[in-house]
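Scroll down for the structure; my scribbles are underneath it.
All ligand and atom numbering here is 1-based and tracks the order in the structure. These values consider heavy atoms only, across backbone and side chains, with no hydrogens, waters or symmetry-generated copies.
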Amino acid sequence: MANIQIDELREKLDEINLQLLDLINERAEVAKEIGRVKKAQGINRFDPVRERKMLDKLTEKNGGPFDNSTLQHIFKEIFKASLELQEDDHRKALLVSRKRQPDNTVIDIRGEKVGDGGQVLISGPCAVESYEQVAEVAKAVKKQGFKMLRGGAFKPRTSPYDFQGLGEEGLKILKQVADEYDLAVVSEIVNPADIETAVKYVDVIQIGARNMQNFELLKAAGSVDKPVLLKRGLSATIQEFINAAEYIVSNGNTQVMLCERGIRTYEKATRNTLDITAVPILKQETHLPVLVDVTHSTGRKDLLFPAAKAGLAIGADGIMVEVHPDPAVALSDAAQQLDIPQYEQFVEDLKASGLFNPAKVTPSTI
Ligand code: PEP
Ligand code: MN
C-alpha cells in the first residue's frame with residue numbers, strides 16, 4: 001500500500017518537474033528577449049535593482065515550506081543562468097582565445113617572426129649593468145645568429161636593498177648596443193607611466209611575473225603599438241594568465257606573447273616549478289605565441305638545457321635564457337646565468353638536439 005502511495009507521489013513530482021522545466025525555459029526565452037531589447041538600447045544587462053525587486057516580491061508571496069533565504073538562493077541561480085544566456089557566445093569568448101581566432105598570432109620583431117612555426121631564442125643578462133657588459137653578450141647573441149637581446153633596466157627585486165636596475169639609463173644602453181649589433185631589445189617595464197618612454201628604446205615590452213596582475217600596467221601596455229612579452233605570475237593559474245593577456249589585447253594591442261616561467265610550489269629543488277604542460281594548454285586555449293623561460297623557472301644552470309629541450313619538444317615558440325659575461329659578479333641572478341662559453345655550448349646543444357627549428361629572420365629595414 002505504502003509503495004503505491006510513493007509511486008503516485010513520484011508521478012506527481014515528475015509531472016511538476018516537467019511543468020517547472022517548461023516554465024523555466026519559457027522564463028529564459030523572455031529573459032533572452034529582454035537581453036536583445038537592452039542590447040539594442042545599449043543598456044547594461046545586469047540590473048541589481050530589478051533583481052532585488054523580484055526577490056522582494058517572491059519573499060512577500062512566499063507561503064512556505066521553503067524559507068525566504070532558500071527561496072532567494074534558488075531564484076538567484078535562475079537569474080544568474082538567465083543573465084549568462086543573455087550574453088551571446090561571441091562575447092563570452094575572449095579575444096585571445098582560439099575560439100575567437102583560430103589562426104596563430106604571428107609577431108614580427110625587427111624581421112624575426114614569433115609564432116610562425118619556427119622558434120626564437122631570447123638571450124641576455126638578467127640586469128643591464130654597463131655598456132661593456134651588454135655589448136659582450138650582444139656580440140655572442142649576434143654570433144649565434146639570434147635576434148633578440150634581453151636585459152632588465154627596471155628590476156623588481158624581492159628585497160628593496162638589492163640592485164634595482166639602471167632605469168632609463170639602462171634602456172639607453174640596451175638601445176645603443178642593439179642598434180650596433182642590429183638586434184631587438186626585450187626589457188621589463190614596471191610602471192605604467194614608463195610605457196610611453198620605453199617604446200622609444202625597446203622592441204618588446206616585458207611585463208614580469210610580479211606584475212602579471214598589475215592591471216594599470218597591462219592597460220598601458222595595451223594602448224601602445226609595441227609587442228609585449230607577458231610572464232606568468234608567481235602563483236597565477238593558467239586562466240588568470242590568459243585573462244591578464246586579455247587586458248592587453250582588449251585595450252587594443254594584439255601583439256602579445258606569453259611566457260611560462262615557473263610557478264611557486266612546495267618543491268625546493270628548483271627555484272620555481274616549470275609548468276611544462278601550460279605550454280600546450282596555452283597554445284590550445286589561445287592563439288598567442290608561447291615561450292619558456294628556462295632561467296627563472298629552474299634557477300639552476302644544470303637544468304637549462306633539459307628544460308629548453310622540454311619546452312621545444314612540447315611546442316613552445318621560443319626559449320628565454322640569461323647570459324652574463326661574468327655571472328659570478330652579476331648584480332642579480334648570479335647563480336643561474338650562463339657565461340659566454342656556456343651559452344655557446346647551450347646553443348650548440350640545442351641545435352644538435354634536433355628539436356630546434358630557428359625562426360626565420362628577414363634583414364632588418366631599420
Ligand atoms: C626577468 O625576466 O628579468 C624576470 C625578473 O623574470 P620574472 O618576472 O619571470 O621573475
Ligand atoms: Mn633574472
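- Looking from atom 8 (O) of ligand 1 to the surrounding protein, the closest heavy atom is Ala209 N, 2.8 Å.
- Looking at atom 6 (O) of ligand 1, its nearest protein heavy atom turns out to be Lys231 NZ, 3.0 Å.
- Within Asp333, OD2 is the N, O or S atom that lies nearest to the Mn ion (ligand 2).
- Each of Ile207 and Ile109 belongs to its own hydrophobic cluster when Ile, Leu, Val, Met, Phe, Trp and Tyr are linked at side-chain heavy-atom distances under 4.5 angstrom.
- Each of the following atoms of ligand 1 lies closer than 4.0 Å to a heavy atom of Lys155: 3 (O), 5 (C).
- If you check which protein heavy atom lies closest to atom 3 (O) of ligand 1, you get Arg150 NH2, 2.8 Å.
- With contacts defined as side-chain heavy-atom distances shorter than 4.5 Å, the pair Leu85/Lys80 does not qualify.
- Under the side-chain hydrogen bond (donor to acceptor under 3.5 Å, both in side chains) criterion, Arg210 pairs with no residue, sequence neighbours left out.
- Residue His296 approaches ligand 1 through these ligand atoms, each under 4.0 Å from one of its heavy atoms: 1 (C), 2 (O), 3 (O), 4 (C), 6 (O).
- Close approach to Arg261 involves these atoms of ligand 1, each under 4.0 Å from a residue heavy atom: 7 (P), 9 (O), 10 (O).
- On a distance-only criterion, Gln206 and ligand 1 share at least one N/O pair closer than 3.5 Å.
- Rounding to 10°, one obtains 100° for the angle at the Mn ion (ligand 2) between OE1 (Glu322) and NE2 (His296).
- For ligand 1, the atoms sitting less than 4.0 Å from at least one non-hydrogen atom of Gly208 are 8 (O), numbered in the order shown with element in parentheses.
- For Arg52, the side chain to side chain contact (heavy atoms under 4.5 Å, CB included) partners two or more places apart in sequence, or in a different chain, are Leu55, Asp56, Gln72.
- Checking side-chain atoms of His296 against main-chain N and O of Glu260 turns up no donor-acceptor pair under 3.5 Å.
- A donor-acceptor contact closer than 3.5 angstrom is absent between the side chains of Tyr201 and Ser187.
- In this model, no donor atom of one side chain and acceptor atom of the other lie less than 3.5 Å apart for Gln19 and Glu15.
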